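So you know, we letter chains A, B, ... as the sequences are listed, proteins then strands, and number each from 1. It should be emphasised that the depicted structure is a prediction, and the values quoted were computed from it without experimental measurement.
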Protein chains: 2
Amino acid sequence: MKLEKITRRSYDDACATAHALDLIGERWAMLVMRELMMGPRRFSDLRAALPGISANVLTQRLEGLEVAGIVRKRRLPPPAAAQIYELTEWGLEAEPILLSLGKWAVRSPRHDPTLPLSAVGLMLSFRAKFDPARAKGVEVSVSFRFGEEVFSVGVHKGVLTSERGEADRPDVTVAGSPAAVAGLVYGKAPLKEWEKQGSLAVTGDRAALKRFADIYEMPPKAG
Amino acid sequence: MKLEKITRRSYDDACATAHALDLIGERWAMLVMRELMMGPRRFSDLRAALPGISANVLTQRLEGLEVAGIVRKRRLPPPAAAQIYELTEWGLEAEPILLSLGKWAVRSPRHDPTLPLSAVGLMLSFRAKFDPARAKGVEVSVSFRFGEEVFSVGVHKGVLTSERGEADRPDVTVAGSPAAVAGLVYGKAPLKEWEKQGSLAVTGDRAALKRFADIYEMPPKAG
DNA sequence: CGGCATCCGGGAAGATACTG
DNA sequence: CAGTATCTTCCCGGATGCCG
């Protein structure tokens, strides 16, 4: 059985930043939190979204985050009856940490945007890179479909909203992989290229999609 | 010589947050950056400010951060001729990461503010916890002395400034340990208690120090 | 003293296989 | 599907010693 010792290594530093790293500074911890930022997930969802993590380590991280009060384990009522993990209120409040990490690292000369990307990672990048000044006058509602995962993203009155689930009456719906959507929004290739190679399928107001993509622009790399 | 393999473990994830953790997610890396946030330091300064880090690991972290373009190694001109480490421009821009970590973790039920605290850690906490609304109408300049380390902190027109070095004409000067200053500013014990036990020595306008301390207030813990 | 290199022990992470 | 069990590998931490 278990019986393992919970001898967590600590920095023994009163600085709150150091304490944060005691809590969520271990390998994979913040990426597990990232995947929970858009709502509850199951164990195997997390494994699939985090290629490279082993079941072993995922179990340990979820245990540690639960003990720390960041993650809650819950069993859905029948007939679903599945076990899910979700962030607590306080865990959700860690979002600015993930966004500030992303905003900073996107300027890294070594950043490679061609690597695999999770759906939640893409949704959070929309939040991180959102600039209300560039969104002035833009009114649009987009539905993104990544296989089973569906997200609703809207820009209204200079505010970005994004959540899991189908949009009410989206202007446009985009289906494909997170990487292809990132390529469209952040890259230079026009929509037609992505459609030609079958990476994206768009239904609805294509001009609305362009208005959304035009909000985003890559910041310059650090020298 | 060296010849070691630089096979850094990577998350292989296009998400910029994951890339940030590739760069600065290793143990001690962000705390080394914290210690450099208020200006250049020497190897032994860093070791002293980070109790628990081994020379071995500190060397590795500094190398890694230098390769990543976050830290720069520089030799001071004679007669100092000392080797120092400093953050690059881009490295300095990581400050919001450290502050967001601190602002989040200070709500942890497990946070223990009685542990040892570095001078730089305290200075950054002043920035992290600063609330312009509470600073309205406050005009004060404080000089903090922690042994050899001197910092100048000012509040003017709702803006906090803090830097290494002597203040121009401070209203008040406080000498002691970072922990004692934190106890005064964030704790409940009044100044007289700290002076009575010889932890703090204050010269100048004591009311100015109180105005500064009153800006700060501990946020509530997470349930 | 500052800045490493080297060796070593323990423990965390990674890979794979297996189970209820 | 949701994890354990086991094994290997690698990283971290501590001690020591070199070299300018």
Side-chain angles (χ1 to χ4, degrees), chain A residues 1-13 18 21-32 35-36 40-66 71 73-76 78-86 148, chain B residues 1-13 18 21-22 24-32 35 40-67 71-76 78-86 148:
Chain A
M1 283 297 289
K2 304 287 274 308
L3 259 321
E4 88 273 20
K5 51 174 178 285
I6 308 281
T7 45
R8 319 238 318 139
R9 209 160 36 172
S10 164
Y11 289 113
D12 287 324
D13 190 318
L21 295 171
D22 280 340
L23 294 171
I24 61 174
E26 288 164 307
R27 192 161 167 76
W28 291 109
M30 293 195 217
L31 295 187
V32 170
E35 288 304 316
L36 295 175
R41 312 290 295 276
R42 290 185 297 187
F43 188 91
S44 46
D45 294 335
L46 295 171
R47 260 197 100 173
L50 297 169
I53 198 172
S54 67
N56 204 351
V57 171
L58 179 54
T59 299
Q60 287 174 220
R61 285 304 157 273
L62 288 169
E63 273 175 16
L65 292 171
E66 190 179 5
V71 159
K73 189 195 292 195
R74 201 152 55 85
R75 186 167 289 281
L76 290 182
Q83 183 129 255
I84 57 152
Y85 296 89
E86 64 187 356
E148 302 297 296
Chain B
M1 282 299 288
K2 305 285 274 307
L3 261 318
E4 90 269 19
K5 52 173 177 286
I6 308 283
T7 45
R8 319 239 316 139
R9 217 159 27 178
S10 163
Y11 289 113
D12 287 323
D13 190 320
L21 295 170
D22 280 339
I24 61 173
E26 289 164 307
R27 193 163 165 77
W28 292 108
M30 293 194 218
L31 295 187
V32 170
E35 288 304 316
R41 312 290 295 278
R42 291 186 297 187
F43 189 90
S44 47
D45 294 335
L46 296 172
R47 264 199 94 173
L50 298 169
I53 198 172
S54 67
N56 200 354
V57 171
L58 179 53
T59 299
Q60 287 174 220
R61 286 304 159 271
L62 288 169
E63 272 176 17
L65 293 172
E66 191 180 3
V67 169
V71 159
R72 188 165 35 225
K73 188 195 293 193
R74 200 153 56 85
R75 185 166 289 282
L76 289 182
Q83 184 128 254
I84 56 150
Y85 296 88
E86 64 186 356
E148 302 297 297

* **Rounded distance in Å - CZ (B/Phe43) to C1' (C/dC4)** => 7 Å
* Given B/Val32, which of B/Ile53, B/Ile24, B/Val71 fulfils the side-chain contact (heavy atoms from CB on, under 4.5 Å) condition? -> B/Ile53
* Asked: Between A/Gln83 and D/dC1, is there a side-chain N or O to OP1/OP2 distance below 4.0 Å?
  -> no
* Starting at CG of B/Leu62 and ending at P of C/dG3, how long is that distance when rounded to a whole Å? -> 9 Å
* What is the distance, rounded to the nearest whole Å, between atom CD1 of B/Ile84 and atom P of C/dC4? -> 14 Å
* For the residue pair A/Trp28 and B/Tyr11, categorise the inter-ring angle as parallel (less than 30°), tilted (30 to 60°) or perpendicular (more than 60°). => perpendicular
* Please state whether the phosphate of D/dA2, meaning OP1 or OP2, lies under 4.0 angstrom from any side-chain nitrogen or oxygen of A/Ser44. => yes
* Whole angstrom is fine here: how far is it from CZ in B/Arg75 over to C1' in C/dC4? => 12 Å
* To do: Look at B/Lys73 and C/dC4 and indicate whether a side-chain polar atom (N or O) is within less than 4.0 Å of OP1 or OP2.
  => yes
* Note, A/Gln60 side chain near A/Glu26 side chain (heavy atom, < 4.5 Å) -> no
* Specify the separation, in whole Å, of atom CG of B/Leu50 and atom P of D/dG14. => 13 Å
* Treat primed atoms plus P, OP1 and OP2 as sugar-phosphate and everything else as base, then score nucleotides 13-20 of chain C 5' to 3': B for base contact with protein heavy atoms under 4.0 Å, S for sugar-phosphate contact only, - for none. => SBB-----
* May I ask you to verify if any side-chain N or O of B/Tyr85 is less than 4.0 angstrom from the OP1 or OP2 atom of C/dG2? => no
* Structure fact -> Taken to the nearest whole Å, CG/A/Leu58 to C1'/D/dA2 is 10 Å
* Structure fact -> A/Glu66 meets the side chain to side chain contact (heavy atoms under 4.5 Å, CB included) criterion, sequence neighbours left out, with A/Lys73
* Any side-chain heavy atom of B/Tyr85 within less than 4.5 Å of one from B/Leu65? -> no
* With side chains defined as the heavy atoms from C-beta onward, is the minimum distance between A/Val57 and A/Arg27 less than 4.5 Å? -> no
